[in-house]
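Note that the structure is a prediction, hence the values are computed from the model and not measured. Letters A, B, ... are given to chains in the order of the sequence lines, protein chains preceding strands, and every chain is numbered from 1.
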Amino acid sequence: MARKKRLKLATYNVNGIGTRLPHLLEWLARERPDVVALQELKAIDEAFPVAALEEAGYGAIWQGQRSWNGIALLGRDSVPVESRRGLPGGDSDEQSRYIEAAVHGILVAGIYLPNGNPQPGPKFDYKLEWMARLARHARTLVEQPHPVVIAGDFNVIPTDEDVYDPKAWRKDALMQPQVREAFGRLLAQGWTDSLRQVHGDQRIYTFWDYFRQHAERDRGLRIDHLLLNPVLAPRLQAAGVDRWVRLQDKASDHAPTWIEVAAD
DNA sequence: ATGCCGTCCTTTGGACGA
């Protein structure tokens, strides 16, 4: 078999793996990503569809949780080699939001960053505290001599160019100044926001809520991100969003978001 | 201005999501 010239890395918030498994399998078959970070499994470990994914050609590691949260990493023809689950300093944190593994020669940190609404309040405080813990750990990842990507649902609208109507979302936790500053501090460590890097000033969204036909009208948010460390960033070749998945019946409110990097 | 819809189970309403 000819050696692949590119690797496709993707993140997809499925909003319930049980309900979304048919969508996930159809998307995997059509787009053939090499590495996938999943969020919002909303299922316990025992309910993860490991056999169906194996049948589809994907190895997986996952950390579930009843009802909420839950993350997984998939590797095409490969079982991810886990390096960590849960962020350092979160021994009392019961929420399944962080999983990290080596897949196809890349260290992949899959995250489901807390939403933080309503703000102000304890959930917003938890979001800021989680972002601080992420930043501390990310500092050790960014300087790795290996390629590293942080991929997932960040629940951060980085700028007003990343939301169809900033005024409508002004009070939302996803675009509060403290949240944007925390995301900015993360980028300042040396991470590349790959979708923005590839698309420049162009509008591109990864999430559309279920109301007012927002998906059909492309009134969305850019909140799913893939951040690359300085070793991986020069290999970035392409980036996009598989919006067709969001336009299907019974879709998740997020669409798969991906990049292609040169194989080393 | 708004969870208007969707998913889960703590199930037939409430909690949560963004």
Value in whole Å for how far the [atom2] atom of [N] lies from [atom1] of [X]:
X: A:H23; N: B:dG6; atom1: NE2; atom2: P; answer: 12 Å
X: A:Q65; N: B:dT7; atom1: CD; atom2: P; answer: 19 Å
X: A:R66; N: B:dT7; atom1: CZ; atom2: C1'; answer: 14 Å
X: A:K250; N: B:dC8; atom1: NZ; atom2: P; answer: 11 Å
X: A:L21; N: B:dG6; atom1: CG; atom2: C1'; answer: 17 Å
X: A:I157; N: B:dG17; atom1: CD1; atom2: C1'; answer: 14 Å
X: A:I17; N: B:dG6; atom1: CD1; atom2: P; answer: 19 Å
X: A:N15; N: B:dG6; atom1: CG; atom2: P; answer: 11 Å

Heavy-atom pair with the smallest gap, counting every atom of A:W130 and A:I111: CH2-CB, 4.0 Å
All N/O pairs under 3.5 Å across the protein-nucleotides 13-16 of chain B interface:
unit_1 : atom_1 : unit_2 : atom_2 : d
B:dC16 : O5'    : A:K123 : NZ     : 3.4

What contact category does [X] fall into here, base, sugar-phosphate, or nothing, at under 4.0 angstrom with non-hydrogen atoms?
X: A:H254; answer: sugar-phosphate
X: A:L221; answer: sugar-phosphate
X: A:F154; answer: nothing
X: A:D153; answer: sugar-phosphate
X: A:N13; answer: sugar-phosphate

Any donor-acceptor pair under 3.5 Å from A:Q65 side chain to A:S96 backbone: yes
For nucleotides 1-5 of chain B, give me every protein contact, N/O to N/O, under 3.5 Å, one pair per line with atom names.
unit_1 : atom_1 : unit_2 : atom_2 : d
B:dC4  : N3     : A:R212 : NH1    : 2.4
B:dC4  : N4     : A:R212 : NH1    : 2.1

Taking [M] as the reference, what is the distance to [N] when you measure between their [atom1] atoms (whole Å, please)?
N: B:dG14; M: B:dA1; atom1: C1'; result: 23 Å
N: B:dA15; M: B:dG3; atom1: P; result: 15 Å
N: B:dT7; M: B:dT12; atom1: C1'; result: 15 Å
N: B:dT11; M: B:dC16; atom1: P; result: 14 Å
N: B:dC8; M: B:dT2; atom1: C1'; result: 23 Å

Side chain to side chain donor-acceptor pair (under 3.5 Å) pairs, two or more places apart, involving residues 18-28 of chain A: A:E26-A:Q248, A:W27-A:D242
Of A:R32, A:K5, A:R6, A:K8, the residue whose pairing with A:E260 passes salt bridge (Lys or Arg N to Asp or Glu O under 4.0 Å): A:R6
Members sharing A:W258's hydrophobic cluster (side chains within less than 4.5 Å):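 Direct or chained contacts put A:W258 with none.
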Shared-cluster residues of A:V81, by chain and number - hydrophobic side chains joined below 4.5 Å: none
5′-ward residue of the pair A:T19/A:G116 relative to DNA chain B: A:T19
Which residue lies more 5' along DNA chain B, comparing A:G18 with A:N155 via nearest heavy atoms: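 Per heavy-atom nearest nucleotide, the more 5' residue is A:G18.
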Closest to the A:E40 side chain, choosing from B:dC9, B:dG17, B:dT7: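 The answer is B:dG17, which lies nearest to the side chain.
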Salt bridge flag under 4.0 Å for residues A:D162 and A:R180: no
A:E129/A:R133 salt bridge by N-O under 4.0 Å criterion: yes
Sequence-distant partners of A:P166, side-chain contact (heavy atoms from CB on, under 4.5 Å), two or more places apart: A:D160, A:V163, A:M175
Sole residue of A:F154, A:Y12, A:Y205, A:F207 in ring pair (Phe, Tyr, Trp, His ring centres under 6.0 Å) with A:H254: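 Passing option: A:F207.
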Intermediate values then yes/no, side-chain contact (heavy atoms from CB on, under 4.5 Å), A:I259 and A:V198: CA-CA 9 Å; A:I259 61 170; A:V198 167; over 6 Å; no
